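Owing to the predicted nature of the structure, the values given are computational and were not obtained by experimental measurement. Order of the sequence lines fixes the chain letters, A, B, ..., with proteins taken first and strands second; residue numbering starts at 1 for each chain.
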There are 2 protein chains.
Amino acid sequence: MSIIKEVAAEAGVSVMTVYNVINGNYSKVSEKKIKLILKLLEEKNYVPNLTAKSLAIKSTKIIGIIVPVGDDDYNFFKDPYLSELIGVIEHLLRKKGYYAMVRSVIHAADISTLLKTWNMDGAIFLLPYYDHIAHQILAQNNLPMVFLDSYSDNPDIFSVGIDDYKGGYIATKYLVSLGHTRIAFAGSIGEDGVKCVVNQRFKGYKDALREANIEFHESFVYPFAPVYDMGIVAGREISKRKGEITAVLATADVMAIGIMEGARLNGYLLPNDLSIVGFDNIEASIFCSPKLTTVSQNIPKKAECAIDLLMKQINDEPTPEKRPVLDVEIIERQSAIPLR
Amino acid sequence: MSIIKEVAAEAGVSVMTVYNVINGNYSKVSEKKIKLILKLLEEKNYVPNLTAKSLAIKSTKIIGIIVPVGDDDYNFFKDPYLSELIGVIEHLLRKKGYYAMVRSVIHAADISTLLKTWNMDGAIFLLPYYDHIAHQILAQNNLPMVFLDSYSDNPDIFSVGIDDYKGGYIATKYLVSLGHTRIAFAGSIGEDGVKCVVNQRFKGYKDALREANIEFHESFVYPFAPVYDMGIVAGREISKRKGEITAVLATADVMAIGIMEGARLNGYLLPNDLSIVGFDNIEASIFCSPKLTTVSQNIPKKAECAIDLLMKQINDEPTPEKRPVLDVEIIERQSAIPLR
DNA sequence: TTGTACGCGTTATCAA
DNA sequence: TTGATAACGCGTACAA
């Protein structure tokens, strides 16, 4: 028997009266009974059952944290950028009385099922792998959603991004200011013409080169996945061209750290033989030596914006900006130094 | 109106018949209607509502992933050990049809509330900060639970741990084998006599010293928190005693990396001036230079054991071992080298 | 083969 | 002030 019923029986009142006390409708109950009922609830450690409440009010306070994973066995939490982001998000949600249901998804089709299964109040999509089906996701699920780093041209989408173009631009400009002219670009660029995170950074890179009257070489592009292992591969490739390439811009810190390793494996001395700039400013960027110069994005702020956007939708408040874009900046450390 | 009712109406049957089809009780429904109903369900993208189902069957398929956080603003996901662990756990739970609700908790009292609020099917406690109230947690919550790294003497507790004593022992022995005799220990040791992760490692450290006829010095102990920043502090302290201390065992990789940094800030050349052994074998232990020699614990296996123990409890299967202890091993890299 | 009735814990409405 | 009743979506037991 449920605690509510026990209390009602013991206090000699109806279940409804107990609920009135629980919900603070004190005006509707006599003071004497209030005290007794509160005492009994306390004694029995009553905690409202949210699965029942959810059913009644059609709101669960569950927010889905959706992370696409390609391969079934890849542990996306090893990515420090994602973990940090999830940590901040969980924290903010908790403070606002929501519950974070973290979920990696392999098949995009599973998303709708998940959201409906728990009748979630909202969802945050951490990685921008859904631009091509954004329309479908929006159509199938009528609930507040926020996409991170999306470049979808769907006008109905809410998203929080960073100024990827500027990131690529200032990083390249920074390397140019150090005297570098033969600058490689490492990152999984998408199809030509498609707007996406890496392509925007790539565009910034090319524009900065052009502005400095530096010719762009297709062979300077290493279109590898932004993970440590592929960084090593890229680093090995790049260091085969000693003297030809003097600097690299990588689209993720972990990749940049991998590039360092790969170059070192080929006998490079860092940062002398190769200047490297990363992207994200994860905590591990100070673990490596030389410490990584990188384009910093403010992860806590990104999370805040996402939650803010989500809450505004949930509470039917106006959203001044549907797609805020956060600023980025260069964090100068030791991995990029003047040429020569 | 719910999809179920729509389908029932359109198919001209009762709601019950629709449920029979959904639940595969085909024997109870005529083939013609089955096809029609399945088609309608498909069209309308029917997904069972777990909040309602949970209420009816008193099982939610939600597993709580509980992480204690001391300070309100500390982002525990920055800890690579925890993130990796959570990643594996989410993955395993998903494959078994469960949902991971990740939750940081500040006040231990919130735990019971959380578990009851969602009527969770089980819970995993990631950090062993609850040994002193384990009895209370067990008493207040009658659901399958698994504690990681617990040294509670409560016989009712299920836990998965690693051989911390052996870890401290083999790490110290390893340093001794390299010729070191003045070996410091860095980690937040608990009260004397209390069994806990760090104290066990500390015990292993002391026993290994004794076995090698090396005197233990109280002043060689740096009882700092196992985080990067405190590692730096420890590294600075240790490097003030050049020649006096030649090696350190740290109880966490991030701390070991911090120690490197602190020592370097004081002019140390690594690993020449100081040999360092870490603990955990997180991914970032290869990001630093020199690469970290460390005591490895098998995080995926730890997660697997925990889930296995949890599932056995949920399914009322016998559990051969209530408190499995996983083995550890030394991973030799570059941060610890022979003396001189 | 199909349908009815009731319960799960909670909220909302309305009557007493 | 208090309480009865219906509803939320689903499962179980039992009838027709």
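- The nearest whole Å value for the distance from the CG atom in A/N49 to the P atom in C/dC8 is 12 Å.
- At least one donor-acceptor pair closer than 3.5 Å links the side chain of B/D131 to the backbone N or O of B/Y151.
- The residue among A/I57 and B/S14 whose nearest nucleotide of DNA chain C is located toward the 5' end is B/S14.
- Two rings, from B/Y130 and B/F147, have their centers 6.0 Å or more apart.
- You'll find that the side chain of A/N23 is closest to C/dT11, out of C/dT11, D/dC10, D/dT12.
- Picking from C/dG9, D/dT12, D/dC10 the nucleotide with the shortest atom distance to the side chain of B/K53 gives D/dC10.
- For the pair A/K32 NZ and D/dT1 P, the interatomic distance rounds to 15 Å; values are reported in whole Å.
- Side-chain contact of A/T319 with A/Q313: a donor-acceptor pair under 3.5 Å is absent, judged by distance alone.
- Using a 4.0 Å heavy-atom cutoff across all strands shown, A/N20 reaches no nucleic acid atom at all.
- Listed pair B/Y19 / D/dG11 fails the phosphate criterion, with no side-chain N or O lying under 4.0 Å from OP1 or OP2.
- Salt bridge B/D149/B/K302: present, at least one basic N to carboxylate O contact under 4.0 Å.
- A sub-4.0 Å separation between OP1 or OP2 of C/dT1 and a side-chain N or O of B/K33 is absent.
- Contact check, B/Y46 against D/dC10: a side-chain N or O comes under 4.0 Å of OP1 or OP2.
- OP1 or OP2 of D/dC8 has at least one side-chain nitrogen or oxygen of B/K5 nearer than 4.0 Å.
- If you take CE of B/M16 and P of D/dA13, they are 11 Å apart, rounded to a whole angstrom.
- Spacing between atom NZ of A/K61 and atom P of C/dT11 amounts to 12 Å, rounded to whole angstrom units.
- Straight-line distance from the CD1 atom of B/I4 to the C1' atom of D/dC10: 8 Å, rounded to whole Å.
- Which of C/dT4, D/dA4, D/dG9 sits closest to the side chain of B/S2 comes down to D/dG9.
- Protein atom CG of B/L50 is 9 Å distant from nucleotide atom P of D/dC10, rounded to whole Å.
- For A/K58 and D/dG9, the shortest distance from a side-chain N or O to OP1 or OP2 is below 4.0 Å.
- Taking every side-chain heavy atom of B/A56 into account, D/dC10 is the closest of D/dC10, D/dA4, C/dT11.
- A/V15 comes within 4.0 angstrom of nothing in the nucleic acid, heavy atoms only.
- A/N142 CG: 12 or fewer foreign heavy atoms inside a 6.0 Å radius.
- Minimum atom distance to the side chain of B/A52 is reached by D/dG9, of the listed D/dG9, D/dT12, D/dG3.
- At D/dG3, one or more side-chain N or O atoms of A/T17 fall inside 4.0 Å of OP1 or OP2 (strictly under the cut-off).
- As a whole-Å value, the separation of B/L41 CG from D/dG9 P is 15 Å.
- Within 6.0 Å of NZ in A/K44 there are more than 12 heavy atoms belonging to other residues, nucleotides or ligands.
- In this structure, the CD atom of A/E31 is 11 Å from the P atom of D/dT2, given to the nearest Å.
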